[in-house]
Each structure stands twice: as structure tokens, then as C-alpha cells.
Number of protein chains: 2
Amino acid sequence: MATIKDVANLAGVAVSTASYALNNSPRVSQETKEKVLAAAKQLNYQPNGIARDLKLSKTNTIGLILSDLSGPFYSELIKGVQDITIANGYDLIAISSLGGKNSTAVKFLKEKRADGIIILAHNIDNNLIISAAREDMPIVLLDRPLKAKYVLNIQVDNEGGAYKAVEHLIALGHRKIAYLSGPNNSYDNLKRFAGYKKALEDSGIAFSNQWVYQGNFTKEGGYHAGKLMLLQNYIPEAIFAANDEMAIGVIEAFKEADILIGEDVALVGFDDIQLSEYVTPALTTVRQPMKEMGVIAAQQVFQALNGNFSTEAILLETKLIIRDSCGAKKVKL
Amino acid sequence: MATIKDVANLAGVAVSTASYALNNSPRVSQETKEKVLAAAKQLNYQPNGIARDLKLSKTNTIGLILSDLSGPFYSELIKGVQDITIANGYDLIAISSLGGKNSTAVKFLKEKRADGIIILAHNIDNNLIISAAREDMPIVLLDRPLKAKYVLNIQVDNEGGAYKAVEHLIALGHRKIAYLSGPNNSYDNLKRFAGYKKALEDSGIAFSNQWVYQGNFTKEGGYHAGKLMLLQNYIPEAIFAANDEMAIGVIEAFKEADILIGEDVALVGFDDIQLSEYVTPALTTVRQPMKEMGVIAAQQVFQALNGNFSTEAILLETKLIIRDSCGAKKVKL
DNA sequence: CTGCCTTATTGAAACGTTTCGAATTAATTT
DNA sequence: AAATTAATTCGAAACGTTTCAATAAGGCAG
């Protein structure tokens, strides 16, 4: 692979002039500029970006860390982030935090391989984030609050969203409302649980622990929780699932037992993933403004890179999307 | 940020010894090793990965270039690739080819920012791929054939898959079978179209150009094509859509006109995206072994990095997944 | 013709690592 | 005690850029 040195040699100039010429600096004459460009072309010269990054201590790249690159849930988020990074002339790369201690994500954080980082991955440690964030590598955290220097916070109003969902179920006349829970170490899950409890409380419904089922945010988890309800022969009047994937699992489990969701039991999810609209019955759910979140996250990164660190956490509103699984439409008829 | 030089100073040793110590080389005594490690800890030293990459001319990273990071279609592929890269101790980063000439993907290719590249993105130019591929950066191409040095080919048997799908429709008694087409510059689409035509031919059905509708591989495209059929008042007996997203668009269009898919008209898609199973009626489709493709692609990269360049293109088999939209299940009853 | 400003070019240092070969010291063998 | 070998440590070069400060060459006014 030809280096700038080869180009300089072929063009008969110093490497510094070659560099200036290639970067179109006004310091160099038109004549030599052409000479250098010709040489570069002849040698099929491609600058070594890594050397450049090292010299400039800048990568021109924003890293987006996700807990699992393959989740369908992130599409819109990525789109939002991408729009802004492209508009700012930066590169975006997506990184998985899969693999724990020596995941690519951890390496990226430690070794400052990007100029800014956006994280939506519960399995990245707070301490790592704190020690990795620097003035020239601000970090935007999307799934939990963390007050630290060079760390920015954006959250969805999980508690409010859950409140809306459960309030809706209560308005439909349900009292025995089960909570299908995500992992307990998930901040999102905790907040949604809080919203659920608050809604019950505000309506004077006593909360009971036996209404809580663990589903781990996965479809399988939801399926098993549904099966468990059936086995225990305890079917609640309504179920609030802390995310859509689990809700879809429940639908499958109940379908196998010929229990009609939206009639025999009401169901509401959270997230509004693409599937939710297509599943039968269509899932009533709480929509998160994922694209907006991506846009704002990226904007925050660039603002921070320009020295404006907004200190206060941003809270994004959710929206209840009423479809068929909660039975509301039938009630109205 | 502390550098290795600072560490060496604090530990009172030369930079080279510090380096050896940090890399746990046997050349350095236990005693100094501890001294250096202590100094590193005290300074919160983090090695600069970019400098390391430059020195070693190696990034320990595999790049996966996708035309659109946010497509739901890639989940399984990514999973497969990820499994193998992690197993080999490499990092994986996903890159979008969005943005044309100065997309991140192009930069990655030109500047050799990864040790190997996997591409599933029709908007990356053949010439770019040819000039970017090198012994120390092999490229695996997933969506089209390209014979070039250091370029490896893996394809899905698009033609065979399409053939199976159309053959199935013919076996169900249909003769007037429409083709819902993807973009004409897509190799995948061309192959699927070829399979469609061959199946017709082999059954002695004359092909007609008016059976071809353009849907551009998008749901909207499929929707409009469906609407167009309705407007023209020409409903075929069966439709073979060159991908699932278009098929789902058709379902929506026909649903609005109260035409029953699976009864009034048979429909088969291609890809078996996650949605296909959940849509109503569930979509009969041709499944691509996406995860397997990812696994094999990654394996090929590592083999190439070890000097074994398999020259022959790999062709992966597809599988017809029969669900409700083709009406086959009803026929059997 | 000297001195001074422009303009164009250059050499060298720097970014933060790794690693070769040499140098120093300690240990072992003869 | 001298010579060889082994164990440590070190200095310097290298990876491929960018950019500062210095130099060289013209051009022009005095």
C-alpha cells in the first residue's frame, strides 16, 4: 500500500508538501498540487485513516453502543442518530456490548475510539462510563440516569407511560391487573413498575406481590409467564407487560389455551415495536419516541463537543397507542 | 490522559520496559512488572488503541457493512457474524453504507479501518470493493457475485428459492401468477425473477410482461402495486412477491378492498422476516438461512486472514415456509 | 545593491504505541 | 578468575500522518 511518502517521492517533493497538497492547502502552488495529485492517482494512494486519527487525536466518529445489535427495537433510534451524525459530517458506527468485559463496546470506551458515544445498553457499567467520559468524548446515556462529568442523560418517561397504560386498564373496569416484569436490574423496568403501582394506588386498588410475573423482557419469558398463569389457574382480568416482546409471548401462550385476549383478558405492552401492530390481536401499547430520542441524543453529543454541556436530564413523553388487545374498542361498540 | 510515557516515568523505567510489563512479556522481571502495573493503576492509564493499531497495522476488528443499519431483516445475520467474531477474539462493528460517496462504509473500505469486511449493501460499488480488498483485509460479498482477488462470495440460491415458491403456486392450481418486483439493479431481484420465469416455463405457462409489478422491495411499493391491481380491476390468481415487505404491503392493500388473501388470491413472499409469521394471514415465504450466512461469512473472513482463500462461490439453500397466505392449508382440508 | 516582504518549500517533531538490537548486570561454567 | 551465558533493561526506530518553524527564492521599493 502506497503511503504519502511514496507519493512525495514520486512527485519529487517533501512529504510535508505532499500532505499540504493532498489536503488542498493554499500554501502550496497550483503546479505542485497537480504533480502530487497525479502521483497519488498513479500509486492509487489512500490515506491511512488510523495514522491520521492518531496525529489529530480525533476520529470523526460517533459510536452507538447497543446491548444487542440484532434487536428489532432499535431501528428507529438508529435512524434518528444517523440523520444527525451524517448532517454533521461525522461517521456513525454501531457496536454491540455483548461479550462483557472484553466486548467491543468496552474497548471503544476505554480506548477512546470515537469522539462521542451514545449508550443504550444496560450491561455497561456505570463506573466504566464515568471513567471513560471526557471532554473530548462525551457520553449520552439513554437507559438510566447517571450524574457525572461529560455524561448526558436522556430518558423516556417510563413511569408516566406505565401509569397511562394501567390507568387505561382500570378505566376499562379491571381491578386484578398483573405486572409482567423485566429484569430487576433494569432501570426501565423499575420505573415502569413504579408507574404501575402508582396507578393502582391512585385508584385505591391494593397491590399484591402475587400479581407480579417475571418475563425478562423476552418473548420466551412472556410465554412462560403466560403458561404459569394457566397452570396456576389464575387468569387476571388484565395484564400490563413491561415490554411488547413479553406481551407477544403471552399472546402465544394464551392462544394455545384458547383464551381470547381483548375479550377474556386485557393486555397492554410497552415500546410499540414494529411487530405490535401486526400481531393478532393488535397490541395496545405505550409508544416511546425512539427516533426523536436518537435525534436528541446525537444533537446532545455535538453540542457537548462544542462545549455546551446541558446539565439537566431530558425526559421524553410517551403515548398510549390503543389497539385491540386491551378490549377498549369492543367496549365502545 | 496518561500515556505509557507517564507510566514509565512514574515507575522509573524506560518506555519500552513499561510496554513489555503492560503486555506481560517474560522479558521483564516480576518486580518491575508490579512497579509498572502499580503506576498504571495510579494514573488510571488506558492504552491508546489507535496508536496501537497504527503500530501493528492491525485493528482486530471486523466490519459489517449494511445498506441500512435499521432494517429488521439483518438481525439473524448479525447474530451469526457476531458469534464467530467473538469466538475468534475479534471486535465487530456495524457500519451503514447510507450517504453514498462519503459514507462511513466507503471510508472504512478505503482507509482499511478493519481487518476484514462483510458486505450486504447493494449501494457499494464493485470497483471500490475490488480496489479495497487486500491480503490483510479480505472482503466477503453477500449480495452479488464478484470475482476478484481477496474477494469472497456467498450467495443465497435466489433463483432456486423463487422457483420453489412459484412451483408451489402452480401446484395449487394457479396459472395467472403475478411477479411483484424489486429494483431492477438488484442482483437478488434479477435472480428471483429468473426463478419465477423458469418455473412458469417448465410448467408450460406463457409469461406475460403485464404480470410484472414494480414494488421496489418496500412495503409502500407493495401497497401501491396492490392498489394498482385493484384499479386496473385485474386480480391475478396468485402473486409471488420478491420480498416479504412488499407482500405485506399487498396484504394491506387487499385487506382494504375486502379481498381475502389465501382464498381469493394466493400470495408468497421471500426472506421470511420476523413479521411474516405474525401478519394476518401468516405469510407463506421463502426462508433465507440468514444466521448461517452470517456464520459462514465470518468464517470465510478468518480463513482468508489465515491465508486460505476459497475461490469458489458458496451457494446457500433456501426453504419454502408454508403458512396461510398461499391457501395451501385450506386446500388440504 | 541592500533590505524587506511574499510565496513556496522543506525538515523535523509529534501523536502513543511496539519491538529490535544493543547494553548492562547477574549468574553459571570452566 | 576469566569466559560464557542468561536475565533485565534500555534507547531508538518505526507505523503514516499533520503542522510548526525555518529556509530559500523571487519581487519590489528605497
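A, B, ... follow the sequence lines: proteins, then strands. Residue 1 opens every chain.
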Would you check, one step at a time, whether the test side-chain contact (heavy atoms from CB on, under 4.5 Å) holds for Asp143(B) with Tyr187(B)?
-> CA-CA 7 Å; Asp143(B) 65 341; Tyr187(B) 176 82; over 6 Å; no
Do the side-chain N or O atoms of Thr32(B) get closer than 4.0 angstrom to the phosphate oxygens (OP1, OP2) of dT8(D)?
-> no
Is any side-chain heavy atom of Leu92(A) closer than 4.5 Å to a side-chain heavy atom of Leu64(A)?
-> yes
OP1 or OP2 of dC15(D) less than 4.0 angstrom from a side-chain nitrogen or oxygen of Ser57(B), does that happen here?
-> no
Whole-Å distance separating the CG atom of Asn24(A) from the P atom of dT19(D) | 14 Å
Between the first and last five pairs of the helix from dC1(C)-dG30(D) to dT30(C)-dA1(D), the angle of the axes, rounded to 10 degrees = 70°
Between atom CD in Glu31(A) and atom C1' in dA8(C), what is the gap in whole Å?
-> 11 Å
Which of these passes side-chain contact (heavy atoms from CB on, under 4.5 Å) with Ile78(B): Leu66(B), Asp83(B), Ile118(B)?
-> Leu66(B)
5'-most contact on DNA chain D (nearest-nucleotide basis), Thr3(A) vs Lys35(B), goes to Lys35(B)
Once you round it to whole Å, what is the distance between C1' of dT17(C) and CG of Asn60(B)?
-> 15 Å
Grab the CG-P distance between Leu22(A) and dT18(D) for me, whole Å please.
-> 8 Å
Per side-chain contact (heavy atoms from CB on, under 4.5 Å), Ile4(B) is matched among Leu43(B), Asn9(B), Val15(B) by Val15(B)
On a heavy-atom basis, the closest approach of Lys112(B) and Thr59(B) is O-CG2, 4.5 Å
Protein N or O to nucleotides 10-13 of chain C N or O, pairs below 3.5 Å:
from, atom 1, to, atom 2, distance (Å)
dT10(C), OP2, Ala14(A), N, 3.0
dT10(C), OP2, Thr17(A), OG1, 2.8
dG11(C), N7, Ser16(A), OG, 3.2
dG11(C), O6, Ser16(A), OG, 3.3

Inspect the contact between Asp53(B) and Lys58(B) and indicate whether a charged nitrogen and a carboxylate oxygen are less than 4.0 angstrom apart.
-> no
Using a 4.0 Å heavy-atom cut-off across all strands, classify Gln30(A) as base, sugar-phosphate, or nothing.
-> nothing
Could you check whether Leu54(B) gets within reach of a base, just the sugar-phosphate, or nothing at all, counting any heavy atom under 4.0 Å?
-> base
For Lys58(B) and dT17(C), give me the distance from atom NZ to atom P, rounded to whole Å.
-> 18 Å
For Gln46(A), report the nucleic acid contact type (base, sugar-phosphate, nothing); a contact means any heavy atom under 4.0 Å.
-> sugar-phosphate
Think Asn23(B) has a side-chain N or O under 4.0 angstrom from the OP1 or OP2 of dT18(C)?
-> yes
Nearest-angstrom distance from the residue atom NZ of Lys33(B) to C1' of dA7(D) | 13 Å
Do we get Arg27(A) above Tyr20(A)'s six-membered ring, with its NZ or CZ under 6.0 Å from the centre and within 45° of the axis?
-> yes
Check whether any side-chain heavy atom of Met293(A) sits under 4.5 Å from a side-chain heavy atom of Ile154(A), and report yes or no.
-> yes
Do Asp91(B) and Asn60(B) have side-chain N/O donor and acceptor atoms under 3.5 Å apart?
-> no
Take atom CZ of Arg113(A) and atom P of dC15(C), then tell me their distance rounded to the nearest Å.
-> 19 Å
Does OP1 or OP2 of dT18(C) have a side-chain N or O of Arg52(B) closer than 4.0 Å?
-> yes
Any side-chain donor paired with an acceptor under 3.5 Å for Asn24(A) and Lys33(A)?
-> yes
Rounded to the Å, how far apart are Ile4(B) CD1 and dG16(C) P?
-> 11 Å
